[in-house]
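Order of the sequence lines sets the chain letters (A, B, ...), proteins ahead of strands, with each chain counted from 1. Just the heavy atoms: all of them, side chains too, but no hydrogens, waters or symmetry mates, feed the values below. In this text the structure is predicted, and so the values were computed from the model without any measurement.
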There are 2 protein chains.
Amino acid sequence: MPTSRSYGDACPIARALDAIGERWALLVVRELLLGPQRFSDLRRALPGASSNMLTDRLRELEGRGLVRRRRLPPPAASSVYELTERGRELEPILDSLGAWGGAEPRPANGSLTATSVLLFLRGSARAHPDPPTDTYRVQLDDRVWTVSNPRGQLEIEPHDTAAPEASIRTDPGTLNALLLDPAGLDGAIAAGSVQAEGNLAALRRLVEVAA
Amino acid sequence: MPTSRSYGDACPIARALDAIGERWALLVVRELLLGPQRFSDLRRALPGASSNMLTDRLRELEGRGLVRRRRLPPPAASSVYELTERGRELEPILDSLGAWGGAEPRPANGSLTATSVLLFLRGSARAHPDPPTDTYRVQLDDRVWTVSNPRGQLEIEPHDTAAPEASIRTDPGTLNALLLDPAGLDGAIAAGSVQAEGNLAALRRLVEVAA
DNA sequence: CCGCATCCGTTTCGATACTG
DNA sequence: CAGTATCGAAACGGATGCGG
C-alpha cells in the first residue's frame with residue numbers, strides 16, 4: 001500500500017508537502033489541470049514515470065480527495081482521472097513553482113512538455129486584455145487539444161474539436177518558441193516545422209498572446 | 001554524493017521540483033526564512049530529519065545557490081547557513097503551500113513547529129494595516145527570537161535581544177492558539193502556560209495581529 | 001491496447017553510532 | 001558542536017505479465 005511518509009508536523013507547509021510532496025505528484029496534477037486524462041494519456045505525458053509509479057500516485061491523490069476517477073459511459077470501456085475541486089486549488093502552488101523554476105537551469109536533454117507550453121499559453125491569454133475568442137485545434141506531437149473561449153476566458157481542453165477556426169500542428173518546443181517570438185510563425189510554416197490550416201489571421205492572434 | 005534525480009523536463013514547474021522537490025528541502029528553506037541558522041539549530045527545528053539528511057540537503061541547496069554557508073568570525077568557531085537572494089525568492093512557493101495546506105488534515109501526533117507559528121505571526125502582521133512597532137523577545141520551548149519593526153514591517157530574527165518592550169515564553173502550540181484567540185492571553189498567563197514580562201499592553205497588540 | 005499487478009535492481013531515506 | 005559512517009527499510013524505476 002502506498003502510504004506516504006508524513007513529516008509529522010502540523011505546520012500547514014508540511015501538511016501540504018505530506019499530501020503532494022512526493023515525487024511525480026505535482027506533475028500529475030499539472031497534467032490534469034487542463035482536464036480529465038486517461039491513464040495512458042498520463043503515461044505519454046510523463047514518459048519518465050513508470051506505470052506503477054503513476055498508479056501509486058493516482059491512488060494516493062484519489063485517497064486524499066485531490067483526484068477523482070470517473071468511469072466513462074458504456075461505449076468507452078475506459079475511465080479518466082480528473083482533479084476534484086480541492087485538487088484544482090493546487091493551481092497557485094504550481095503557478096508559484098513555475099514562476100520560480102523558470103530561472104533555474106534547464107536539465108540536459110530536457111524537452112518541454114506539451115502541458116507546460118499550453119499552461120503558459122493559457123496563463124498568458126488570461127493576463128491579456130483582449131484574448132482570442134476563436135476556437136482552435138492544437139496538435140502537439142500526437143496529442144490534440146481544443147483551445148476556445150466560452151466565457152471570456154481562454155480554456156484549453158484535452159480533446160479534439162470539429163470545425164475549428166484554425167488548426168496548428170507542431171511540437172511543444174516549436175510552439176513555445178513561437179509564443180516567445182510570434183513573428184516567426186510564417187517562417188516556421190515555410191520551414192515545415194509548423195503545419196497550419198484555416199484562418200491564419202486568427203492563428204496569428206493566438207500565438208501573439210504572450211508577446 | 002547527493003546528486004538528485006532530475007525529471008528531465010524543461011517545464012519550469014519540473015525545473016523547480018528538480019531543485020527543491022526532494023524530501024525535507026522546502027522545510028529546510030522554511031527554517032532559514034527567518035534568518036541564518038546553525039546546523040544544530042536546524043536539527044532541533046526539524047527533529048524528524050536525520051543528520052546526514054540535513055547534511056545532504058544543505059550541500060545540495062548550497063550547490064544550487066539557494067543556501068550559503070558562512071563561517072562566523074573568530075570568537076565563534078562555528079558557521080551558519082542562510083538563504084541566498086535566490087533562495088529567498090522561494091517564499092511565494094512556501095506561502096502558496098501554506099495557504100493550501102492549512103485545509104489538509106493534521107497528522108496524528110503532529111505538533112506545530114516554532115517557525116511555522118512565527119511565519120504565521122509575521123504574515124499576519126504584514127497584512128495588518130497597523131502592525132506593532134515595539135521590539136519583543138519571544139521564546140518558544142528552548143529557542144529565542146527577536147520580533148521588531150525596523151522599517152514599518154515586522155521582522156522576526158533568530159537571536160536574543162536586550163531590553164525588549166515585552167517578552168513572552170511559551171510553546172508553539174500555545175502561541176498559535178493565542179494568535180487565533182487573543183482574548184485567551186490573560187487566562188494562559190494565569191494558567192502558567194504562558195510567561196509574560198514587560199509591557200503587557202504591547203504584548204496584547206502583538207498577539208492580536210492575526211485576529 | 002488499457003489499467004494495472006508483480007518482480008527486482010538501484011537509489012534514497014532514516015536511525016543509530018561514531019569521530020574531529 | 002558539526003558533521004561522517006554504517007546499515008536496514010522504504011521508495012523509486014524498469015521490465016514483464018495478465019485479465020479485460
Parallel, tilted or perpendicular, judged at 30° and 60°: which one describes the rings of Y81(A) and F39(A)?
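Tilted: the ring planes of Y81(A) and F39(A) meet at 30° to 60°.
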Any side-chain N or O of S40(A) less than 4.0 Å from the OP1 or OP2 oxygen of dC2(C)?
yes
Distance below 4.0 Å between W24(B) side-chain N/O and dT12(C) OP1 or OP2:
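No, no such contact exists.
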Of the nucleotides [options], which one has an atom closest to the side chain of [X]?
{"X": "Y81(A)", "options": "dG13(D), dC4(C), dG14(C)", "result": "dC4(C)"}
{"X": "R38(A)", "options": "dA5(C), dG3(C), dC13(C)", "result": "dG3(C)"}
{"X": "R57(A)", "options": "dG14(C), dA2(D), dA11(D)", "result": "dA11(D)"}
{"X": "R23(B)", "options": "dC1(D), dG14(C), dC4(C)", "result": "dG14(C)"}
{"X": "R69(A)", "options": "dC13(C), dT16(C), dC4(C)", "result": "dC4(C)"}
{"X": "R5(A)", "options": "dT4(D), dG13(D), dC13(C)", "result": "dC13(C)"}
{"X": "N52(A)", "options": "dG14(D), dG3(C), dC12(D)", "result": "dG14(D)"}

Whole-Å distance separating the [atom1] atom of [X] from the [atom2] atom of [N]:
{"X": "Q37(B)", "N": "dG3(D)", "atom1": "CD", "atom2": "P", "result": "14 Å"}
{"X": "R59(B)", "N": "dT12(C)", "atom1": "CZ", "atom2": "C1'", "result": "18 Å"}
{"X": "D18(B)", "N": "dC12(D)", "atom1": "CG", "atom2": "P", "result": "15 Å"}
{"X": "Y7(A)", "N": "dC13(C)", "atom1": "OH", "atom2": "C1'", "result": "11 Å"}
{"X": "D56(A)", "N": "dG13(D)", "atom1": "CG", "atom2": "C1'", "result": "11 Å"}
{"X": "F39(B)", "N": "dG20(C)", "atom1": "CZ", "atom2": "C1'", "result": "14 Å"}
{"X": "L54(B)", "N": "dC1(D)", "atom1": "CG", "atom2": "C1'", "result": "13 Å"}
{"X": "M53(B)", "N": "dG14(C)", "atom1": "CE", "atom2": "P", "result": "5 Å"}

Compute whether any side-chain donor of one residue and acceptor of the other, for [X] and [Y], lie under 3.5 angstrom apart.
{"X": "S79(A)", "Y": "R69(A)", "answer": "yes"}
{"X": "S6(B)", "Y": "D18(B)", "answer": "yes"}
{"X": "S96(B)", "Y": "S96(A)", "answer": "yes"}

Can a cation-pi geometry be assigned to R15(A) and W100(B), taking NZ or CZ under 6.0 Å from the six-membered ring centre and within 45° of the ring axis?
no
Using a 4.0 Å heavy-atom cut-off across all strands, classify R43(A) as base, sugar-phosphate, or nothing.
nothing
Base of dT4(D), side chain of S51(B) - is there a donor-acceptor contact under 3.5 Å?
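Check passes, donor-acceptor contact within cut-off.
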